[in-house]
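In what follows, every chain begins at residue 1, and chains take the letters A, B, ... in the order their sequences are listed. When reading the values below, keep in mind they use all heavy atoms of this one structure, side chains included, and skip hydrogens, waters and symmetry mates.
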Amino acid sequence: MLRGKGWGISFFDEMTGQGSEIRSPYRDYHEWFDREDAARIQRKTQQAEAFFRTTGITFNVYGQDEADERLIPFDVVPRIISASEWRRLSRGIEQRVRALNAFLHDIYHRQEILRAGRVPTELISRNEAFLPMMMGMDPPGGVYTHISGIDIVRTGPNEFYVLEDNARTPSGVSYMLENRETMLQMFPELFAKISVREVSDYPLNLLKSLAACAPPQCQGTPTVAVLTPGIHNSAYFEHSFLADQMGAELVEGHDLRVVDGRVAMRTTQGYTAIDVLYRRVDDDFLDPLNFRPDSMLGVPGIWDVYRAGGITIANAPGTGIADDKALYSYMPDIIEFYTGEKALLPNVPTWRCSEPEHLKEVLDRLPELVVKEVHGSGGYGMLVGPAASKKEIAAFRAKLEANPRGYIAQPTLSLSTVPIFTKAGLAPRHVDLRPFVLMSPQGITITPGGLTRVAMTKGSLVVNSSQGGGTKDTWVLED
Amino acid sequence: MLGKTAGSLYWMARYLERSENNARLIDAGFRIALTRSNTAAAEWRSVLVTAGQDYAFKQTHQDYNSQRVVDFMLRDPDNPSSILSVVKQARDNARTARTYLTREVWEAVNTSWMTLGALLKRQVREDDLPDVLAAIRQQSALVRGAFSGTMLRNDGYNFARIGTFLERADNTARILDVKYYLLLPSVAHIGSSIDNVQWETILRSVSAHRAYHWLYGTEISALKIAEFLILYKQMPRSLAFCCEQMNDNLGLIRRTYDEETEAVRMGSAICRERLSRPIQSIFDGGLHEFITDFLRANAALAQQIERDYRFVE
């Protein structure tokens, strides 16, 4: 049994399970690893880093010198999921994304779920991500969540939980693709020996999926473009990568304007209409005429074109409400309400600090809980009770008491570990998983696996890249 | 393609060309400063004027000290034309146009930015300068090689090529602009060794001293140097060569787009009206006037290209 240092909690290791026996999905890999020369793997690791740098797979950390482009650490030991585990996961993910989409349609139309009293009204009405302008709007194809990322954690051989839903603008898919590319270059022999499901068709599936949601005014083959805030955005690499892989134009707000009722991009030969815009810009910045007037990132008037059926915006405006962590706690009810089934993948038990009894319990047990901001992301503004000092806990207690509505709390999960390669050999580190889900009127496509994020520091439970987390290639094995 | 992308490819190429040209200018200036210390200050000044950096230099510096001029031109982050700044701008433009570049070209540009960033992190010692300048030229050659070996010959390729030749023509013309007095007939008759060194400097600034001698033998004359740099079509940095290439690329774009533009017309006018005449007639009309007029026409063409192909709104 592996033990996290000073935590007193036992962890499930995905390679070695509860003991020293190698779990079956990892058997072939482990056999290969045992026979490999550690120095060779070390060398490959350095090569991988050089490869990421020259390719420019870097991200900018906000608030730091822009010249300081960082690499997300990459670990060469894959995270491996068996075919049967994946079948179970993907059924649960598909169910969840269908429910999310049905929920979004409902709250922007008849709001049955609020009338039925299954979700409190103020959770919607007081939510900043709720866009009243979307009321009664029908996005082309009825799709709200064209692209979503469902964060999953594991705590045991058969225990998976959904930790978070990302329907606003989930990022990281380029790392999923480049990690695989890197592994194929470094260890081609592994892929000859072990049958791993492909991920490389993601960009093509994304293009097909977006094109299938073309707006009513589209004529002929839909023109797809990716909207980026520009080269200084932390995810710019991903934006250009996806545009490149799809063969779509990568546009910024100043490339676009409304011409003859369509959103059009300025080409060397004049303006050309865009049918589907995969935007990596938040709702607030989409249209300075209709949202934030100071936004330089969007397109004046795009909202009116959208309403008139002249363009598809992916994901649909107003989708971000699904990322709300207070709403998250209602997901089991939401799934049941729209699908008539129990949730296949459970939520992590969640205390809503807005409810007095919940708050009391949370305050009593603060040193053992994880507390998160309702609207937070990126691992910022959270308290990991068992890892925090007395002083930090006291400070957080004050924040929590001042604004209980702004927080939720969860038990500190004993996240599973997967070994990483270190100079001293394999060493367990905590991981999570973000599978990427595409939705179109033709159905849901989930790329086998997803992005495995790993906390590179011993004992750490924070996997976010902005906090020093790394990534791994994720393998789903063929049957 | 997007107008912005065309503009980014064009500017990426211009900046890359500029970094290489500036490295050459520094090299030529450095050589003179080493061998003839009494004229070093004047020489550095003319290098700065040629590179369009004299005004900025004088804002922050008192005199033309070799070390300080070199540092300013190589790595001053506040100098938008320093090699470090220019390479960064080339890379920013390449990032903006990333989807139009092959992986090889992007990696070459990115590697060049990383390599030069590391080389120019600290002040370069005089002994190391030749190596650093060689590295700058080498990086530029690697990008050019990747570009010519892997890019599709489409409109994006042509816009980048136009950027290269516009920038190069501008550079050669500026060298002539600063040094034209050396080439005037009134002083040319002397043929003294002093002038020979100055003329050699001109040729070195365009890395063509060997080519010149190969072509014209040992005889160095003002008329021949001017002819070589202005009209000689086999010399890849001559005005005539640059203009011809630019017109080829503009012509390819015209054919792809099936569109006559003012830029295409202006490009061929430069070749026809200014560069299709014997060197003597250029001297007769005044070398300085010729160069001034050429620089103006070249800049006007650059602006017209930005307008006609919608680089900006």
Side-chain angles (χ1 to χ4, degrees), chain A residues 49-58 60 65-69 71 174 178 181 185 203 223-233 235-257 259 264-272 274 296 299-300, chain B residues 1-10 12 77 84-85 87-89 91-115 117-118 121 142 146 154-156 158-159 162 253-254 256-259 261 263 305-313:
Chain A
E49 193 179 309
F51 169 78
F52 281 117
R53 274 219 193 272
T54 42
T55 316
I57 310 182
T58 53
N60 311 357
D65 187 356
E66 64 154 291
D68 188 22
E69 291 177 11
L71 283 185
S174 57
E178 286 288 1
E181 198 52 42
Q185 286 197 18
T223 301
V224 176
V226 180
L227 176 64
T228 174
I231 61 167
H232 299 300
N233 185 268
Y236 179 77
F237 164 72
E238 178 154 306
H239 307 160
S240 71
F241 177 88
L242 289 174
D244 189 25
Q245 298 275 313
M246 288 196 288
E249 290 290 358
L250 179 63
V251 297
E252 293 172 50
H254 58 82
D255 295 316
L256 306 178
R257 63 149 66 164
V259 180
M265 52 187 170
R266 194 181 71 252
T267 77
T268 49
Q269 297 172 276
Y271 280 88
T272 305
I274 293 173
M296 304 295 286
V299 191
Chain B
M1 74 186 303
L2 291 178
K4 173 194 66 189
T5 311
S8 296
L9 291 167
Y10 163 92
M12 176 195 83
L84 205 56
S85 305
V87 169
K88 172 161 179 2
Q89 290 177 85
R91 184 202 184 236
D92 280 354
N93 278 287
R95 278 189 90 198
T96 305
R98 175 65 187 85
T99 55
Y100 269 79
L101 296 174
T102 57
R103 191 162 193 148
E104 286 87 344
V105 174
W106 159 248
E107 286 180 7
V109 175
N110 195 36
T111 304
S112 151
W113 172 73
M114 291 189 295
T115 310
K121 212 176 180 94
L142 289 172
N154 56 13
D155 42 354
N158 286 311
F159 283 116
I162 289 169
I253 290 170
R254 188 195 56 198
T256 312
Y257 291 173
D258 192 21
E259 181 188 24
T261 60
I305 288 170
E306 297 202 14
R307 261 198 300 280
D308 286 351
Y309 300 106
R310 302 170 179 87
F311 290 0
V312 288
E313 199 163 14

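Contact count versus chain A (heavy atoms, under 4.5 Å) is highest, among B:Y309, B:Y257, B:F311, for B:Y257.
A donor-acceptor distance shorter than 3.5 angstrom exists from the side chain of A:R266 to the backbone of B:R310, with no hydrogens or angles considered. A donor-acceptor pair under 3.5 Å links the side-chain atoms of A:Y236 to the main chain of B:R95, judged by distance alone.
The part of B:M114 that comes within reach of chain A is its side chain, from C-beta onward, which places non-hydrogen atoms under 4.5 angstrom from that chain. At a 4.5 Å heavy-atom cutoff, A:Q245 makes no contact with chain B through either its backbone or its side chain. With a 4.5 angstrom heavy-atom cutoff, A:R53 touches chain B via backbone and side-chain atoms both. Looking at A:Q269, the atoms closer than 4.5 Å to chain B (heavy atoms on both sides) sit in the backbone and in the side chain alike. For B:R91, the part lying under 4.5 angstrom from a heavy atom of chain A is the side chain only.
If you take CE on A:M265 and OG1 on B:T5, they are separated by 9.5 Å, rounding to the nearest 0.5 Å. Rounding to the nearest 0.5 Å gives a distance of 8.5 Å between NZ of B:K4 and CG of A:L256.
Ion pair B:R103/A:E178 flagged as a salt bridge, since at least one NZ, NE, NH1 or NH2 atom sits closer than 4.0 Å to an Asp/Glu carboxylate oxygen.
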Walk me through whether A:T54 and B:W106 qualify under side-chain contact (heavy atoms from CB on, under 4.5 Å). CA-CA 9 Å; A:T54 42; B:W106 159 248; over 6 Å; no
Report the C-alpha distance between A:L250 and B:R98 in whole Å, list the side-chain angles of each, state the deciding distance to 0.1 Å, and finish with yes or no for side-chain contact (heavy atoms from CB on, under 4.5 Å). CA-CA 9 Å; A:L250 179 63; B:R98 175 65 187 85; 6.0 Å; no
List the steps, then state whether side-chain contact (heavy atoms from CB on, under 4.5 Å) holds for A:E252 with B:T96. CA-CA 10 Å; A:E252 293 172 50; B:T96 305; 4.1 Å; yes
Give the C-alpha distance, both sets of side-chain angles, the deciding distance and a yes or no for side-chain contact (heavy atoms from CB on, under 4.5 Å) between B:L2 and A:T268. CA-CA 6 Å; B:L2 291 178; A:T268 49; over 6 Å; no
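Nearest heavy-atom pair, B:T99 versus A:A243, reported as atom, atom and distance to 0.1 Å: CG2-CB, 3.8 Å.
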